[in-house]
Undergrad: 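Provided herewith is a single structure, encoded as structure tokens, for subsequent inquiry.
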2 protein chains.
Amino acid sequence: MRASDIERVKGLPLFADVAPDTFRVATAGGHLQRFPAGTMLLLEGDPVDFLYVLLDGQVELHGTWNDHEIVLAILRPVSTFILAAVVLDAAALMSARTLERCEILMIPGDAIRTAMRLDSHFAMAVSRDLAGCYRGLVRNTKNLKLRNSTERLANYLLALRAADNSGGVVRLHHEKRVLASLLGMTPENLSRSFAALQKYGVSVNGAVVTLGSVAALENLAKPDPLIDNHAPRGGDIVADADAEVWLSDLTRAKPR
Amino acid sequence: MRASDIERVKGLPLFADVAPDTFRVATAGGHLQRFPAGTMLLLEGDPVDFLYVLLDGQVELHGTWNDHEIVLAILRPVSTFILAAVVLDAAALMSARTLERCEILMIPGDAIRTAMRLDSHFAMAVSRDLAGCYRGLVRNTKNLKLRNSTERLANYLLALRAADNSGGVVRLHHEKRVLASLLGMTPENLSRSFAALQKYGVSVNGAVVTLGSVAALENLAKPDPLIDNHAPRGGDIVADADAEVWLSDLTRAKPR
DNA sequence: CCGATAGCTTGATCTGCATCAAATTGCTCC
DNA sequence: GGAGCAATTTGATGCAGATCAAGCTATCGG
């Protein structure tokens with residue numbers, strides 16, 4: 001593992017303020033692996049032996065039932081995944097599959113749990129990370145239950161814009177098929193939702209989406225700081241909430 | 001606070017194996033309060049100053065957007081809520097309202113965070129609790145995205161049965177209006193879904209639901225241990241997963 | 001006992017989204 | 001460059017679930 005990779009791992013919220021000794025214990029036995037695109041890293045129901053740290057590439061987390069498969073999250077570097085299963089030493093509830101060629105650090109779950117036991121500060125960092133993941137899922141559930149599919153797409157585009165702080169042109173990070181499932185719709189309806197957003201100044205060209213009128217789009221999308229982690233907050237209370245991890249990876253787009 | 005209440009708090013997974021000193025620090029400044037039915041305990045967006053421990057009654061957690069309100073979870077005693085916000089010292093993402101007269105222990109968030117800093121075992125217990133909540137939400141998301149409303153109802157009934165281990169008669173714990181929103185549907189469609197389940201031996205009389213043929217119902221519901229925490233597991237691996245907290249309160253129905 | 005109210009059910013209708021079926025675009029690999 | 005394949009878009013249709021509008025039932029206070 002390159003020194004620069006170690007620095008990137010240390011940059012994660014999970015390891016950011018951790019004492020060197022603890023970091024050594026926590027990452028003991030970790031090894032870097034490369035996987036081609038389309039590799040199943042983990043099947044739901046499998047016991048989870050490692051904490052995964054994605055250093056390069058994209059990973060999709062999905063769930064299956066009754067022959068249907070839905071995308072639950074897409075991860076981009078640098079981020080960890082299946083921390084909750086590691087903490088509980090439990091079976092995975094989601095499957096993980098590489099969407100591209102990936103570089104992944106695999107850390108034995110035992111090492112993580114040992115480090116937690118030895119260093120309450122690290123255990124607190126794990127708690128904060130999990131609390132952030134939890135809140136990301138709460139936001140996600142509200143998004144799913146309160147908004148229709150076009151509204152979800154509109155908010156997704158605004159979130160992308162906020163993450164990239166690009167003017168009015170954003171790039172989609174994933175295939176539309178995958179994005180559709182992440183947003184809880186079919187690919188056909190994602191197409192139609194994009195078409196419906198033309199009225200609000202949105203035009204699509206492959207992965208490049210131009211937001212002609214952010215104001216009009218916001219008027220439809222009604223972004224809300226209690227659902228969309230990027231949305232402007234009323235006061236300046238709760239700066240800490242930025243520590244949250246937005247499951248759908250947008251904040252991971254660039255180092256924080 | 002009665003001694004019996006303290007015992008009940010100690011019975012929570014969060015406090016179960018905690019040293020007496022730590023328990024004292026963690027619950028310092030906690031005070032018991034009684035609230036009438038229909039009281040707003042917390043409004044989404046509010047800063048969260050306390051960890052809430054529900055000792056008696058029922059509490060609903062809900063979210064709002066654009067004049068719509070949806071139920072995210074219903075809590076029954078004994079359980080804690082908004083731990084994630086306490087850990088991050090952040091604003092609440094959900095509102096909390098009493099559904100009945102309630103008895104609630106309110107513990108200052110500072111005390112919890114201090115206890116975590118002092119005792120890595122307690123910090124680990126917090127991590128485990130949060131990991132369980134997180135996994136509950138993952139299950140919930142899979143339930144929402146993979147199943148239709150009748151399937152969700154069918155699985156809910158089977159989960160109730162498993163929690164009460166009642167033969168074939170279960171009691172609904174909540175008003176149907178509330179249950180409908182929890183399951184992601186309208187009250188009208190909950191009625192129709194109950195009607196649709198008649199074919200599978202389900203009959204309803206007020207809050208009392210009779211499952212005439214569990215086999216037929218399971219055939220429709222296809223319960224899955226990776227979505228429904230009560231469902232039978234294949235092997236006997238991962239006994240630890242039982243430590244999970246199923247957000248929608250079913251496992252809380254009786255002391256564990 | 002009776003009227004009032006809230007919760008629930010039933011029916012009719014409408015909408016959003018899924019599904020099925022092509023047609024089209026874009027990409028990869030010879 | 002072009003064949004071949006996958007991804008996306010577009011169109012037609014059907015169904016699940018929302019909405020709107022009555023009716024019904026149960027509970028409660030008088």
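Each chain gets a letter, A, B and so on, in the order the sequences are listed, and its residues count up from 1. The figures here come from the full heavy-atom set of this structure, side chains too, leaving out hydrogens, waters and symmetry mates.
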Undergrad: Let me know the distance between CG of Asn189(A) and P of dA12(D), rounded to the nearest Å.
TA: 16 Å

Undergrad: Any side-chain N or O of Thr186(B) below 4.0 angstrom from OP1/OP2 of dG17(D)?
TA: no

Undergrad: How many whole angstroms separate atom CD of Gln198(B) from atom C1' of dT9(C)?
TA: 12 Å

Undergrad: Rounding to an integer number of Å, can you tell me how far Ile70(B) CD1 sits from dA18(D) C1'?
TA: 16 Å

Undergrad: For dC20(C), does the base pair up with any side-chain atom of Glu188(A) as donor and acceptor (N or O, under 3.5 Å, distance only)?
TA: yes

Undergrad: Tell me which one of Arg135(A), Arg139(A), Lys142(A) satisfies salt bridge (Lys or Arg N to Asp or Glu O under 4.0 Å) with Glu44(B).
TA: Lys142(A)

Undergrad: Are OP1 or OP2 of dC8(C) and a side-chain N or O of Ser191(B) less than 4.0 angstrom apart?
TA: no

Undergrad: Using a 4.0 Å heavy-atom cut-off, does Thr150(A) contact any base of the nucleic acid, only the sugar-phosphate backbone, or nothing at all?
TA: nothing

Undergrad: Whole Å only: how far is the CG atom of Leu190(A) from the C1' atom of dT9(D)?
TA: 11 Å

Undergrad: Would you please say whether a donor-acceptor pair under 3.5 Å links the side chains of Arg152(B) and Asn155(B)?
TA: no

Undergrad: Quick one: is Asn148(B) getting a side-chain N or O under 4.0 Å of the dA16(D) phosphate, OP1 or OP2?
TA: no

Undergrad: Tell me, yes or no, whether the heavy-atom count around Asn205(B) atom CG, taken from other residues, nucleotides or ligands under 6.0 Å, exceeds 12.
TA: no

Undergrad: Starting at CG of Leu183(A) and ending at P of dG16(C), how long is that distance when rounded to a whole Å?
TA: 18 Å

Undergrad: Nearest-Å distance, CZ (Arg152(A)) to C1' (dC17(C))?
TA: 10 Å

Undergrad: Can you classify the ring geometry of Phe50(A) versus His31(A) as parallel (below 30°), tilted (30 to 60°) or perpendicular (above 60°)?
TA: perpendicular

Undergrad: To the nearest Å, give me how far apart CE (Met185(A)) and P (dT19(C)) are.
TA: 14 Å

Undergrad: So which one's nearest nucleotide on DNA chain C is more toward 5', Arg192(A) or Arg177(B)?
TA: Arg177(B)

Undergrad: Between P on dA16(D) and NE2 on His68(A), what's the gap in Å once rounded to a whole number?
TA: 13 Å

Undergrad: Please name the pair of heavy atoms, one in Val78(B) and one in Leu55(B), separated by the smallest distance, quoted to 0.1 Å.
TA: CG1-CD2, 4.0 Å

Undergrad: For the side chain of Glu175(A), counting heavy atoms from C-beta on, which of dT19(C), dT9(D), dA7(D) is nearest?
TA: dA7(D)

